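These notes are about the structure you will find just below.
Predicted, not measured: the structure shown is a model, and the values here were computed from it. Along the sequence shown, the residues carry numbers beginning at 1.
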Amino acid sequence: VFLMALTCAYVSKSLSGTFMSSMLTQIERQFGIPTAIVGFINGSFEIGNLLLIIFVSYFGMKLHRPIVIGVGCAVMGLGCFIISLPHFLMGRYEYETTILPTSNLSSNSFLCMENQTQTLNPAQDPAECVKEVKSLMWIYVLVGNIIRGIGETPIMPLGVSYIENFAKSENSPLYIGILETGKMIGPIFGLLLGSFCASIYVDTGSVNTDDLTITPTDIRWVGAWWIGFLVCAGVNILISIPFFFFPKTLPKEGLQENVDGTENAKEEKHREKAKEEKRGITKDFFPFLKSLSCNPIYMLFTLISVLQVNAFNIYFSFLPKYLENQYGKSTAEVIFLMGVYNLPAICIGYLIAGFMMKKFKITVKTAAFLAFCLSLSEYSFGFCNFLITCDNVPVAGLTNSYERDQKPLYLENNVLADCNTRCSCLTKTWDPVCGDNGLAYMSACLAGCEKSVGTGTNMVFHNCSCIQSPGNSSAVLGLCNKGPECTNKLQYLLILSGFLSILYSFAAIPGYMVFLRCVESEEKSLGIGIHAFCIRVFAGIPAPIYFGALIDRTCLHWGTQKCGAPGACRMYDINSFRRIYLGMSAALRGSSYLPAFVIVILTRKFSLPGKINSSEMEIAEMKLTEKESQCTDVHRNPKFKNDGELKTKL
């Protein structure tokens with residue numbers, strides 16, 4: 001029952017975390033902030049986790065662990081609620097556009113007209129504008145994410161140590177596999193929820209969506225991110241309730257068959273309590289810390305985890321942004337496809353890996369070798385991602401000149417040309433249109449369009465002097481589509497990603513069991529806590545920040561907020577984006593395989609201090625096999641009454 005409750009806690013925490021990651025682009029657009037700040041918001045979860053992880057991991061062993069886990073789940077719910085508050089405290093989202101709400105067929109100030117003066121908001125004082133925008137509302141999201149991180153702190157170290165202390169060693173891999181599967185089921189629901197929320201306009205119910213001039217594929221679109229955080233808050237609070245009814249300790253698995261199992265458990269509980277009172281609650285903290293720091297396998301595994309988590313944090317946190325910009329899809333579609341192709345494969349892999357380790361009683365030595373080979377294979381196949389690419393959408397003045405056959409420019413100061421200099425256009429406002437010639441323009445005015453027909457997303461522009469194509473030289477709202485060839489490449493990428501996810505999950509369970517078995521049982525909770533602490537300090541917090549800053553350097557055009565200040569990036573140099581995104585992840589992961597190889601060698605040379613001694617287990621298994629071959633029918637042999645007595649004798 002505790003395993004079921006803890007699995008639900010894993011589902012709820014991963015649901016919230018995955019939904020947060022999937023909504024980063026929506027938060028970036030809502031508040032008009034650069035990717036570096038978005039990375040800081042994403043890393044703030046780890047900051048909250050960092051504040052308590054070591055203390056909870058160690059002192060939590062002395063407290064009522066299930067209750068501490070329940071309080072953590074409730075605090076996560078509070079953090080999710082705080083994240084949603086800005087939607088209710090700030091005004092409606094006003095996206096960047098040259099088409100004012102009052103514009104109609106008789107008021108075409110957004111088109112190419114000579115001797116006109118265009119401003120973003122001519123009637124409003126700049127100081128009043130800044131107050132109205134409430135640009136610092138993203139701090140609520142930051143604080144809420146920190147609180148969410150604080151609440152998540154006790155779930156993994158206390159939950160895993162609780163199971164490890166009271167489970168049979170041969171059942172532990174299966175239980176860990178079930179927990180890891182729960183950690184993957186949560187993201188499935190998180191991505192489905194994210195896809196649903198991203199397809200709904202952020203101010204749904206308070207605006208007429210028929211009047212919108214943007215669609216979900218537009219980079220200015222913001223989905224109803226706040227709805228999902230309210231759902232996550234409710235789920236986390238509900239999941240917390242069962243933990244308040246579990247006992248502080250459980251009888252060791254297998255003692256239930258003993259008549260005196262309950263009494264033995266009680267006696268053990270009293271002995272542990274007396275021992276704690278005798279030695280003090282903190283006396284063994286530093287000896288444990290010294291023992292862990294002198295454990296080479298533990299230290300190398302921690303280094304590997306830091307490097308790998310840096311790479312995975314970069315890859316998964318910014319995957320929606322990468323797929324949106326690389327393949328021209330909406331956030332909702334990208335998030336849904338990620339959930340369909342990746343997460344079921346990981347869940348199946350976790351369960352199969354945990355079952356196989358239990359079924360075949362795989363030793364630590366074999367587990368280390370399997371984890372290394374499978375992970376290295378997955379890493380090698382991952383280089384195929386560099387081959388599945390699409391080019392930027394051609395935009396006049398940014399990626400291409402106004403004569404499309406010329407080479408890309410990547411220069412923002414070329415947005416003006418002979419065909420639009422007479423139009424007095426805004427040169428920084430992003431309101432793109434796609435011309436008949438397959439070339440996009442930053443606005444209808446910069447395309448030289450003089451007439452418009454229709455309203456909302458159905459608006460069509462005519463007599464566009466910059467569009468050199470046979471016919472009426474017209475344009476429609478939005479960037480040009482990347483075409484079916486790019487859509488097919490996305491399918492190939494997702495299929496490859498699903499295959500890599502299976503290999504990754506096969507490697508994860510054996511690798512994690514090596515980590516659990518390389519420390520003594522009384523050091524396990526502290527070991528898990530320090531391991532998580534190092535991951536957060538050196539990977540979880542800095543990775544999204546420094547990588548967000550690197551992504552910002554590939555931006556070709558920054559948006560403009562309501563008051564004229566720079567906003568979120570509207571278009572990236574996708575080739576530079578791809579090299580940084582895939583190259584950085586590959587470099588970090590590649591550097592982790594040298595210490596991994598050292599661990600494989602160490603597990604073959606030395607016995608581990610944990611429960612499983614691989615060499616002794618292999619010898620015992622050989623003796624057992626030899627003895628069983630002599631006794632074809634144990635039950636008929638008068639010397640031994642059952643299998644248990646035979647194994648005990650051996």
Would you check if the side chain of [X] reaches a backbone N or O of [Y] as a donor-acceptor pair within less than 3.5 Å?
| X | Y | result |
| --- | --- | --- |
| Arg92 | Ser206 | yes |
| Ser317 | Asn313 | yes |
| Arg517 | Val364 | no |
| Ser195 | Leu192 | no |
| Ser291 | Phe288 | no |
| Asn310 | Leu588 | no |
| Trp138 | Pro86 | no |
| Trp225 | Met20 | no |
| His64 | Phe246 | yes |
| Ser240 | Cys73 | no |

Inset, instruction - Verify whether one side chain among Thr363 and Thr366 offers a donor that lies under 3.5 Å from an acceptor in the other. - result: yes
Where is the tightest heavy-atom contact between [X] and [Y], given as atom of each residue plus distance?
| X | Y | result |
| --- | --- | --- |
| Tyr201 | Tyr95 | OH-CD2, 3.7 Å |
| Cys232 | Cys80 | CB-SG, 3.8 Å |
| Pro544 | Asn42 | CB-ND2, 3.9 Å |
| Phe372 | Ala596 | CD1-CB, 3.7 Å |
| Pro216 | Ser330 | O-CB, 3.4 Å |
| Leu191 | Met338 | CD1-C, 3.9 Å |

Might you confirm whether atom [atom1] of [X] has over 12 heavy atoms from other residues, nucleotides or ligands at distances under 6.0 Å?
| X | atom1 | result |
| --- | --- | --- |
| Tyr93 | OH | yes |
| Phe2 | CZ | yes |
| Phe244 | CZ | yes |
| Tyr512 | OH | yes |

Give, for atom [atom1] of [X] and atom [atom2] of [Y], the distance between the pair rounded to the nearest 0.5 Å.
| X | Y | atom1 | atom2 | result |
| --- | --- | --- | --- | --- |
| Arg536 | Ile47 | CZ | CD1 | 12.0 Å |
| Ile335 | Phe196 | CD1 | CZ | 13.0 Å |
| Ser14 | Phe189 | OG | CZ | 10.0 Å |
| Leu3 | Tyr10 | CG | OH | 10.0 Å |
| Ile27 | Ile37 | CD1 | CD1 | 12.5 Å |
| Asn145 | Ile83 | CG | CD1 | 4.5 Å |

Would a 4.5 Å heavy-atom cut-off, applied to side chains only, mark [X] and [Y] as touching?
| X | Y | result |
| --- | --- | --- |
| Trp221 | Thr331 | no |
| Glu523 | Leu526 | no |
| Ile530 | Leu292 | yes |
| Gln308 | Ser375 | yes |
| Trp226 | Val202 | yes |
| Gln30 | Met137 | no |
| Glu324 | Lys329 | no |
| His87 | Asp203 | yes |

Legend entry - Worked check of side-chain contact (heavy atoms from CB on, under 4.5 Å) between Leu323 and Leu493: CA-CA 10 Å; Leu323 295 180; Leu493 178 79; 3.5 Å; yes
Inset, instruction - Start with the C-alpha gap between Lys13 and Glu152, add the side-chain angles, then the distance that decides, and say whether salt bridge (Lys or Arg N to Asp or Glu O under 4.0 Å) holds. - result: CA-CA 7 Å; Lys13 81 182 184 71; Glu152 192 264 355; 3.0 Å; yes
Inset, instruction - State whether Glu28 and Arg220 are salt-bridged, where the test is any N-O pair (Lys NZ or Arg NE/NH1/NH2 against Asp/Glu carboxylate O) under 4.0 Å. - result: no
Inset, instruction - Describe, in one word, how the ring planes of His531 and Phe301 are oriented to each other, choosing from parallel (under 30°), tilted (30 to 60°) and perpendicular (over 60°). - result: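 Ring orientation of His531 relative to Phe301: tilted.
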Inset, instruction - Would you please classify the geometry between the Tyr298 ring and the Phe515 ring as parallel, tilted or perpendicular, with 30° and 60° separating the classes? - result: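 Parallel.
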Legend entry - Sequence-distant partners of Val143, side chain to side chain contact (heavy atoms under 4.5 Å, CB included), two or more places apart: Ile139, Ile147
When the ring centroid of [X] is compared with that of [Y], is the distance short of 6.0 Å?
| X | Y | result |
| --- | --- | --- |
| Phe229 | Phe81 | no |
| Tyr322 | Tyr315 | no |
| Tyr341 | Phe336 | no |

Inset, instruction - Could you please spell out the steps behind the side-chain contact (heavy atoms from CB on, under 4.5 Å) verdict for Phe243 and Val68? - result: CA-CA 8 Å; Phe243 288 98; Val68 175; over 6 Å; no
Legend entry - Result of checking Phe312, Tyr581, Phe547 against Phe318 for ring-ring contact (aromatic ring centres under 6.0 Å, His included): Phe547
Inset, instruction - Could you walk me through whether Arg589 and Glu378 pass the salt bridge (Lys or Arg N to Asp or Glu O under 4.0 Å) test, one step at a time? - result: CA-CA 11 Å; Arg589 288 200 64 193; Glu378 183 255 333; 2.8 Å; yes
Inset, instruction - Begin from the C-alpha positions of Leu193 and Val231 and carry the test side-chain contact (heavy atoms from CB on, under 4.5 Å) through to its verdict. - result: CA-CA 9 Å; Leu193 180 63; Val231 172; 4.1 Å; yes
Inset, instruction - Begin from the C-alpha positions of Tyr504 and Leu374 and carry the test side-chain contact (heavy atoms from CB on, under 4.5 Å) through to its verdict. - result: CA-CA 7 Å; Tyr504 161 77; Leu374 289 170; over 6 Å; no
